[in-house]
Amino acid sequence: MRIVLLGPPGAGKGTQAKALATELNIPHIATGDLFRYNVGEQTPLGQEAQHFMDQGLLVPDSVTNRMVAQRLHEPDTQHGFLLDGYPRNVGQAHTLNGMLAILGVELNVVLNFNIDEELLLTRIAKRAKEEGRTDDTTEIFRVRMGEYQAQTAPLIPFYTDAGLIRDIDADGTVEVVHARLMDAVNAAR
Ligand code: AMP
């Protein structure tokens, strides 16, 4: 299965992605995690990305696309993958289509997390405490939400036109949302 997770920051994509990837036995590829790893290690890629991440802005496509292309060429993606946090704009989605064409594969489904914005703020405040993420302050969260609305939300019509979108109600316990996701994945097989 080749799956993309789509949704606003704080919708629970990361938590759900881990469980889904484990259950489906495919690698979980989270661009945010890859960036945070590179920032932690202070690699050249991390140094390029850090300044954008700290402000809640998207890292430039050239940097992001290169990182994803490398990751998708690793052998563990042969039987599928779950992309979490990528693509984040229509340009990245076109680039992803190009990468998949080179690999001779297609996406199976795009799982679109639907959730109320007020709930997101509560969740983000909780995650800031639990994980100590520096981009989880209310102010930076608003920037991240603005980036989502302006850049990422247009992926919904993009993937709807491609016939790939499945809407998921992301308000519920971790277990309930997981079950909804698995239903959508099974329906797309
Ligand atoms: P996330 O953990 O997915 O919320 O990502 C954390 C931060 O990493 C984002 O706010 C961006 O600065 C950066 N980032 C992650 N994925 C992407 C992407 N696909 N394109 C651009 N920037 C990204």
Side-chain angles (χ1 to χ4, degrees), residues 2-21 27-73 77 81-100 107 110-113 115 117 119-156 158-159 164 168 170 177 181:
R2 284 168 297 276
I3 303 171
V4 166
L5 296 192
L6 201 60
K13 292 192 302 296
T15 305
Q16 292 296 340
K18 287 191 188 85
L20 263 189
H28 169 212
I29 303 176
T31 41
D33 288 350
L34 292 172
F35 280 133
R36 278 184 288 278
Y37 171 80
N38 278 280
V39 169
E41 297 290 309
Q42 282 293 298
T43 65
L45 183 103
Q47 285 168 357
E48 261 182 284
Q50 182 164 21
H51 149 84
F52 297 97
M53 294 176 75
D54 284 347
Q55 294 184 77
L57 299 170
L58 293 190
V59 176
D61 287 352
S62 56
V63 179
T64 309
N65 288 332
R66 211 179 340 126
M67 179 175 79
V68 173
Q70 271 177 15
R71 182 64 188 87
L72 286 182
H73 277 90
T77 63
F81 51 78
L82 192 156
L83 283 172
D84 165 14
Y86 181 92
R88 216 56 164 235
N89 60 36
V90 172
Q92 292 182 6
H94 282 295
T95 304
L96 175 61
N97 278 345
M99 292 181 211
L100 297 177
L107 292 176
V110 175
L111 301 169
N112 181 36
F113 285 49
I115 188 144
E117 255 192 56
L119 255 181
L120 292 178
L121 264 178
T122 320
R123 286 194 181 188
I124 281 287
K126 187 164 166 262
R127 186 168 74 184
K129 269 201 203 132
E130 285 171 2
E131 296 179 18
R133 276 180 57 164
T134 48
D135 59 354
D136 272 346
T137 62
T138 308
E139 192 189 328
I140 303 286
F141 176 75
R142 289 197 195 287
V143 178
R144 279 154 51 74
M145 192 51 116
E147 289 282 80
Y148 170 78
Q149 298 294 0
Q151 302 218 42
T152 311
L155 289 176
I156 300 171
F158 179 89
Y159 282 126
L164 288 169
I168 306 294
V177 176
L181 289 163

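First listed ligand is number 1; within each ligand, the first listed atom is number 1.
- Ranking protein heavy atoms by distance to atom 3 (O) of ligand 1, first place goes to R88 NH1, 3.0 Å.
- With rounding to the nearest 0.5 Å, the separation of CZ in R127 from CD1 in I124 is 4.0 Å.
- Only the side chain of R133 comes within 4.0 Å of ligand 1, counting heavy atoms alone; its backbone N, CA, C and O stay farther away.
- Shown in contact with G85 at under 4.0 Å from a heavy atom are these atoms of ligand 1, numbered in order with element: 16 (N), 17 (C), 18 (C), 19 (N).
- No donor-acceptor distance shorter than 3.5 angstrom exists from the side chain of T152 to the backbone of N89, with no hydrogens or angles considered.
- To the nearest 0.5 Å, the span separating CG on L155 from CG on L164 amounts to 11.5 Å.
- For the atom pair L111 CG and L83 CG, the distance stands at 11.5 Å (nearest 0.5 Å).
- Residue L57 approaches ligand 1 through these ligand atoms, each under 4.0 Å from one of its heavy atoms: 11 (C), 12 (O).
- For the atom pair CG (N38) and CE (M67), the distance works out to 7.0 Å, reported to the nearest 0.5 Å.
- For the ligand labelled ligand 1, residue K13 lies outside the 4.0 Å heavy-atom shell.
- Listed by number with element, the atoms of ligand 1 under 4.0 Å from a non-hydrogen atom of T31 are 15 (C), 16 (N), 17 (C), 19 (N).
- The shortest contact between atom 10 (O) of ligand 1 and any protein heavy atom is with R144 NH1, 3.2 Å.
- Residue D135 has no nitrogen or oxygen atom sitting less than 3.5 Å from a nitrogen or oxygen atom of ligand 1, judged on distance alone.
- Side chain of K13 to backbone of G7: a donor-acceptor contact under 3.5 angstrom is found.
- Only one option out of D135, D54, L57 pairs with I140 in a side chain to side chain contact (heavy atoms under 4.5 Å, CB included); it is D135.
- Those atoms of ligand 1 that come under 4.0 Å of a heavy atom in Y86, given as number and element, are 19 (N).
- The protein atom (non-hydrogen) at minimum distance from atom 22 (N) of ligand 1 is V59 N, 3.0 Å.
- Between the side chain of T77 and the backbone N or O of L72 there is at least one donor-acceptor pair closer than 3.5 Å.
- Residue contacts with ligand 1: M67 is excluded, as none of its non-hydrogen atoms falls under 4.0 Å.
- Distance check, rounded to the nearest 0.5 Å: CD of Q149 to CZ of R144 gives 13.0 Å.
- Within the listing of ligand 1, atoms 18 (C), 19 (N), 20 (N), 21 (C) sit less than 4.0 angstrom from a heavy atom of T64.
- Distance from atom 8 (O) of ligand 1 to its nearest protein heavy atom, with residue and atom name: M53 CE, 3.6 Å.
- In the vicinity of Q92, heavy-atom distances shorter than 4.0 Å reach the ligand 1 atoms 18 (C), 19 (N), 20 (N), 21 (C).
- Atoms of ligand 1 lying under 4.0 Å from at least one heavy atom of R36, given by number and element, are 2 (O), 6 (C).
- The structure places CD1 of I3 at 5.0 Å from CG of L82, a figure rounded to the nearest 0.5 Å.
- Protein heavy atom in closest approach to atom 23 (C) of ligand 1: F35 CE1, 3.7 Å.
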